[in-house]
Every structure is written in structure tokens, then in C-alpha cells.
Amino acid sequence: MANRAPLKITVIGTGYLGATHAAAMAELGFEVLGLDISPEKIAMLERGETPMYEPGLEELLRRHVAGFPDSSGRLRFTTSYEEVGEFGDVHFICVNTPQKHGEYGCDMSYVDSAFESLARHLHRPALVVGKSTVPVGSAERLATALAELAPVGEDAELAWNPEFLREGFAVEDTLHPDRIVVGVRSEKAERLLREVYATPLAEGSPFVVTDFPTAELVKTSANSFLATKISFINAMAEVCEAADGDVVKLAEAIGYDDRIGKKFLRAGIGFGGGCLPKDIRAFMARAGELGASQALTFLREVDSINMRRRAQMVELAREAVGGTLLGTRIGVLGATFKPDSDDVRDSPALNVAGQLHLQGAQVTVYDPKGMENARAVFPTLRYAPSALEAVRGADAVLHLTEWREFQQLDPAALGEVVAVRRVLDGRNTLDPALWRKENWTFRALGRPTA
Ligand SMILES: NC(=O)c1ccc[n+]([C@@H]2O[C@H](COP(=O)([O-])OP(=O)(O)OC[C@H]3O[C@@H](n4cnc5c(N)ncnc54)[C@H](O)[C@@H]3O)[C@@H](O)[C@H]2O)c1
Ligand SMILES: O=c1ccn([C@@H]2O[C@H](COP(=O)(O)OP(=O)(O)O[C@H]3O[C@H](CO)[C@@H](O)[C@H](O)[C@H]3O)[C@@H](O)[C@H]2O)c(=O)[nH]1
């Protein structure tokens with residue numbers, strides 16, 4: 001192996017996952033070719049621009065895309081499957097697997113299409129590695145399709161290597177993963193993946209080798225656990241609201257038990273994004289197909305609790321402004337599903353803003369990075385260039401995404417421009433004492449009124 005040329009890697013689908021994976025693979029020392037069906041995305045990446053906001057990603061790209069000072073030149077992009085097939089020893093599939101329209105199941109059409117396009121161009125031995133989040137059983141099916149479609153036949157092998165990165169920390173998580181999980185069917189596939197991940201493995205990342213179904217299930221069960229933890233604390237928030245308790249104190253107190261842990265116990269308007277909501281729904285749908293739906297009925301409740309929190313936020317706003325939203329002015333801080341991302345897919349913040357608008361409020365939104373995406377999915381809302389402008393003249397201010405910028409806002413300065421000093425914290429990261437000191441009425445989900 002020592003004399004062999006370094007592996008050449010391709011990454012199919014250069015969205016949130018793929019663009020990061022491609023840049024990280026170049027950082028690890030490999031020659032990398034990224035492919036997407038979107039020529040616009042590829043043109044941006046070739047210019048060293050990221051199609052999305054992800055901290056540190058643009059810098060990483062520019063360290064490796066040719067044309068930048070001192071760049072390694074190891075990272076290139078294309079829209080040609082032919083070029084990818086000729087180039088790669090290891091091909092990572094990172095295309096999207098959204099929720100199907102109008103049902104819970106996973107839309108596998110992008111994965112199927114990417115596999116088919118790639119397979120037809122595999123004229124030399126290759127390892128195809130699925131990274132997209134898919135329903136259990138997909139890898140088995142795709143392995144058969146791959147062997148049938150690839151001109152190289154059985155020399156095109158499949159492995160499944162789910163990804164656990166978090167948006168906002170994608171670069172860090174990819175370069176230093178807390179575990180690497182690989183579903184493989186041969187020693188050769190395992191050896192190749194150990195070679196790909198040699199650097200994180202040398203740094204101590206655990207390497208879990210398993211079969212296809214287990215690898216697929218690790219991913220969906222991890223996301224289900226995370227979603228369950230959030231809905232657990234949000235269920236406690238509902239009880240706190242009924243009993244006048246404080247869910248923030250409660251979370252702190254139970255979190256000291258390290259069997260429970262402090263992480264993922266932030267109560268608020270709940271989880272969103274391109275992963276947790278659709279992944280738990282696809283998991284339930286798949287379990288149903290497998291005759292195991294009963295095992296996952298709790299996830300239906302996890303989903304319901306989550307969606308109720310958004311409705312409760314709207315209700316709290318309606319109550320706060322005196323019973324009707326019609327004609328009121330609401331300043332909304334945050335549009336993305338979480339801070340340090342521009343992603344508004346299934347964003348609780350945008351969803352709440354949208355519901356307020358539909359109930360007749362005049363809603364003005366500000367988000368540090370998500371304005372463009374928010375405007376594209378919800379053009380009828382108003383958008384302001386700063387937090388101060390978003391809350392100007394507002395009857396209530398809603399804090400819906402916990403950007404650090406919002407925690408540093410000066411309640412006195414904001415108080416000068418609003419119509420009424422009334423703030424509702426949907427993320428439980430504002431300091432109530434600070435706002436109340438400046439004579440704001442402060443309300444939050446799961447916390448006492450005063
Ligand atoms: N975003 C995350 O944080 C994250 C983390 C772990 C796993 N995942 C999983 O990774 C997958 C990708 O998620 P994402 O958020 O990066 O999605 P995304 O929508 O940002 O990116 C997907 C990309 O694939 C491209 N694409 C679609 N069909 C293609 C085809 N046939 N050939 C080539 N390119 C094609 C799209 O143009 C797009 O650029 C999903 O399965 C998701 O569940 C995402
Ligand atoms: O205590 C918490 C923690 C998170 N959230 C919300 O939960 C959502 C998801 O957050 P997070 O999991 O950090 O974001 P993602 O980037 O979507 O990452 C999840 O989904 C990815 C895609 O599958 C996985 O790779 C990651 O491991 C998994 O954390 C966001 O809306 C957060 O605001 C809360 O409401 N309370």
C-alpha cells in the first residue's frame with residue numbers, strides 16, 4: 001500500500017454536506033473532484049465561494065481550489081459524471097433525501113438518480129460510499145443496482161458511511177468526527193475507508209465497522225434520540241407553563257446528572273432544519289413498511305410536541321398583544337432553524353413568523369445570515385437590515401433563533417424604537433433580568449410570567 005498513489009476522491013452532491021466533505025477531503029491531503037447537477041453551484045465553488053453560509057468553509061475551500069494564493073489546487077469541481085467516473089477511486093454520495101410531498105416517507109429519487117448516473121460511468125474499480133441519510137434497506141438495494149449497472153461489474157463496490165455533522169460546526173465535525181461508522185461487505189472496502197479517514201483515526205476518532213442495515217439505522221436512530229431529547233424538555237416546558245415552573249432551571253438541574261447530561265435540553269420553539277424533522281418521519285414510515293411501526297409510535301409524539309411549541313409561541317404572542325394579532329406590528333429576530341447557518345429548511349422561526357403574518361400581524365424579520373433564503377421561501381413577510389430596524393414600531397419583539405448577536409442586544413436602545421416594550425423569548429437564551437431592568441415585559445416558553 002505504501003507505494004500506491006494517493007486515493008482520488010469524488011463527492012457527488014455539493015450542498016451543505018457535500019461541499020464541506022469535499023473541502024475536508026482536500027484538507028486531509030486527497031485529490032478531490034466535486035460534482036453537482038446545479039451548474040450555478042459548481043460555478044460558485046470553482047470561484048471559491050460557498051453556496052451556503054457555513055463558518056470556516058469558504059476559507060477551507062480557498063486553501064484548496066486552484067487560483068487562490070498558496071492553494072493546494074487539490075480540489076476541483078465538475079458537472080460531468082463521465083469525468084467523475086474516470087477520476088475517482090472512492091465516490092461519496094452526498095445528495096439530498098428530502099421528505100416526500102404530502103407523506104412521511106423519504107424521497108429517494110435524487111439518490112437513485114445519482115447512483116444510476118455514476119454507475120454507468122464506472123469503467124474501473126471503485127468504492128461507492130453512501131453518505132446521504134436513507135431508509136434502512138436502501139444500501140442493500142443500491143448495491144445490487146450498482147453491480148448490475150456498472151460496466152466494471154462486481155469491481156464497483158458499495159459501502160455506507162452515514163454523516164453526523166452539525167450545521168454551524170460542519171468543518172470542525174468533518175475534520176474531527178466524534179465517530180466514523182462504516183457499513184461494509186468486504187475487507188477491501190473497510191481498508192479503503194480506513195485509508196480515507198487515516199488522519200481522524202490517528203487522532204482517536206472511534207471507527208465502528210458494521211453491516212449495511214446497522215450503519216443506516218445508526219444515523220436515523222441518532223437523530224431520533226436527539227429529537228426525542230428536545231421534545232422531552234419541551235414537554236417539560238408545557239408542564240412548567242401549567243404549573244408556573246421554570247424549564248430553564250429544571251434543565252440545568254436534571255442535566256447535572258451525567259446519565260442525563262446538559263446537552264440538547266434547551267427548551268423553546270423546538271427543532272427544525274433539513275434533518276431532524278424529516279428523518280424521524282422517514283424512520284416512522286420505513287418502520288411501518290417493515291411491520292415494526294409500533295416500535296416508533298413514540299416518534300409521532302416527539303413530532304407533535306415539537307410542532308405544538310411553534311403553535312404555543314404564536315399563542316403567547318397573540319395573548320401578549322391583547323388577544324388579536326390583526327393589525328399589530330411584530331418584530332421577529334431570527335429566521336434560520338439554528339444560529340451560525342443560513343438554512344431555513346423547516347425553520348421553526350420562519351414558521352412562527354409565517355403564522356403570525358397569516359393571522360393578520362405585520363411581521364418584520366431580521367436574521368444575520370438567513371435573509372436571502374427566508375425571502376425566497378416567504379416573500380410576503382417584511383425584512384429589515386438590522387435587529388433595530390426589525391423592531392422599530394413593534395408591539396412585540398419575538399426572539400426565535402438564538403444568534404449570539406441577539407444575546408448582545410441592548411434592551412435600552414431597542415426600547416427607544418419599539419411601540420411597546422414587550423419581548424417574547426422563543427429560545428430561552430435572553431437574560432430576563434436584563435430586559436426587565438429596562439422595563440420590558442418579558443415572556444418566555446416554559447418560564448414563569450414574572
Ligand atoms: N445538512 C446536514 O447537516 C447533513 C448532515 C448529515 C447528513 N445529511 C444528509 O446528507 C444529505 C444531503 O443533505 P444536504 O443538507 O447537504 O442537502 P442539500 O440539498 O444542501 O445538497 C444536496 C445537493 O445534491 C445535489 N444533487 C441532487 N441530485 C443530484 C444528482 N443526481 N447528482 C448530483 N448532485 C445532485 C443538489 O443540487 C444539492 O446541491 C441528506 O441525505 C441529508 O439528510 C445532511
Ligand atoms: O437543545 C436543543 C438543541 C437543538 N434544538 C434545535 O434542534 C434543531 C437541530 O439542531 P442540531 O441538531 O444542532 O442541527 P443540525 O445541524 O440539523 O444537526 C442534526 O442533524 C444532522 C443531519 O442529520 C446530524 O448530522 C446532526 O448530528 C444532528 O445534530 C435546531 O432547530 C435547534 O434549534 C433545540 O431546540 N434544543
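Given the structure is predicted, the values throughout are model-derived calculations rather than measurements. Counting convention: from 1, in listed order, for ligands and their atoms alike.
- Not one N or O on the side chain of Asn223 forms a donor-acceptor pair closer than 3.5 Å with the backbone of Leu276.
- Across every non-hydrogen atom of Arg310 and Val352, the tightest pair is O-CG2, 3.8 Å.
- Note: an N/O pair closer than 3.5 Å links Glu167 and ligand 1 by distance alone.
- Polar contact with ligand 1: absent for Lys219 (N/O pair, distance under 3.5 Å).
- In terms of polar-atom proximity, Arg427 is counted as a contact of ligand 2, with an N or O under 3.5 Å from an N or O of the ligand.
- With a 4.0 Å cut-off on non-hydrogen atoms, Leu165 touches ligand 2 through its backbone and not its side chain.
- Nearest non-hydrogen protein atom to atom 31 (N) of ligand 1 is Ser113 OG, 3.4 Å.
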Pairs of donor and acceptor atoms involving the side chains of residues 370-381, under 3.5 Å and at least two apart or interchain, shall be tabulated with distances.
residue : atom : partner : partner atom : Å
Asn373  : ND2  : Asp342  : O            : 2.7

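- Residue contacts with ligand 1: Ser117 is excluded, as none of its non-hydrogen atoms falls under 4.0 Å.
- Side-chain contact check for Glu86 versus His123: every heavy-atom pair is 4.5 Å or farther apart.
- Using a 4.5 Å heavy-atom cutoff, the side chains of Asn428 and Arg447 are in contact.
- Looking at Cys275 against ligand 1, only its side chain comes within 4.0 Å, counting heavy atoms.
- Closest protein heavy atom to atom 6 (C) of ligand 1: Glu163 O, 3.4 Å.
- Of the protein's non-hydrogen atoms, Asn96 OD1, 3.2 Å is the one closest to atom 27 (C) of ligand 1.
- Within the set Arg166, Lys278, Lys338, Lys263, the minimum heavy-atom distance to atom 14 (O) of ligand 2 is found for Lys338.
- Of all protein heavy atoms, the one closest to atom 34 (N) of ligand 1 is Ile37 N, 3.5 Å.
- The option from Ile230, Leu226, Thr220 that lies nearest to atom 5 (N) of ligand 2, judged by heavy atoms, is Ile230.
- When hydrogens are left out, the protein atom nearest atom 33 (C) of ligand 1 is Tyr81 OH, 3.3 Å; that is the closest non-hydrogen contact.
- With hydrogens and angles disregarded, no donor-acceptor distance shorter than 3.5 Å links the side chain of Thr214 to the backbone of Asp211.
- Look at Lys131 and you'll find every heavy atom at least 4.0 Å from all atoms of ligand 1.
- Atom 25 (C) of ligand 1 has its closest protein heavy atom at Asp36 OD2, 3.3 Å.
- Between Ala335 and Ser347, the closest heavy-atom pair is O-OG, 2.6 Å.
- Protein heavy atom in closest approach to atom 11 (C) of ligand 1: Val95 O, 3.2 Å.
- No donor-acceptor pair closer than 3.5 Å links the side chain of Lys369 to the backbone N or O of Asp343.
- A heavy-atom separation below 4.0 Å is not found between Phe164 and ligand 1.
- Between Arg166 and ligand 1, no N or O atom pair is found at a separation short of 3.5 Å.
- For atom 10 (O) of ligand 1, the closest heavy atom belonging to the protein is Leu17 CD2, 3.0 Å.
- With hydrogens and angles disregarded, no donor-acceptor distance shorter than 3.5 Å links the side chain of Glu241 to the backbone of Leu445.
- Across Val209 and Glu190, no two heavy atoms sit closer than the pair CG1-OE1, 3.6 Å.
- Ligand 1 is never approached by Met52 to a heavy-atom distance shorter than 4.0 Å.
- Annotation: Lys278 places an N or O atom under 3.5 Å from an N or O atom of ligand 1; distance criterion only.
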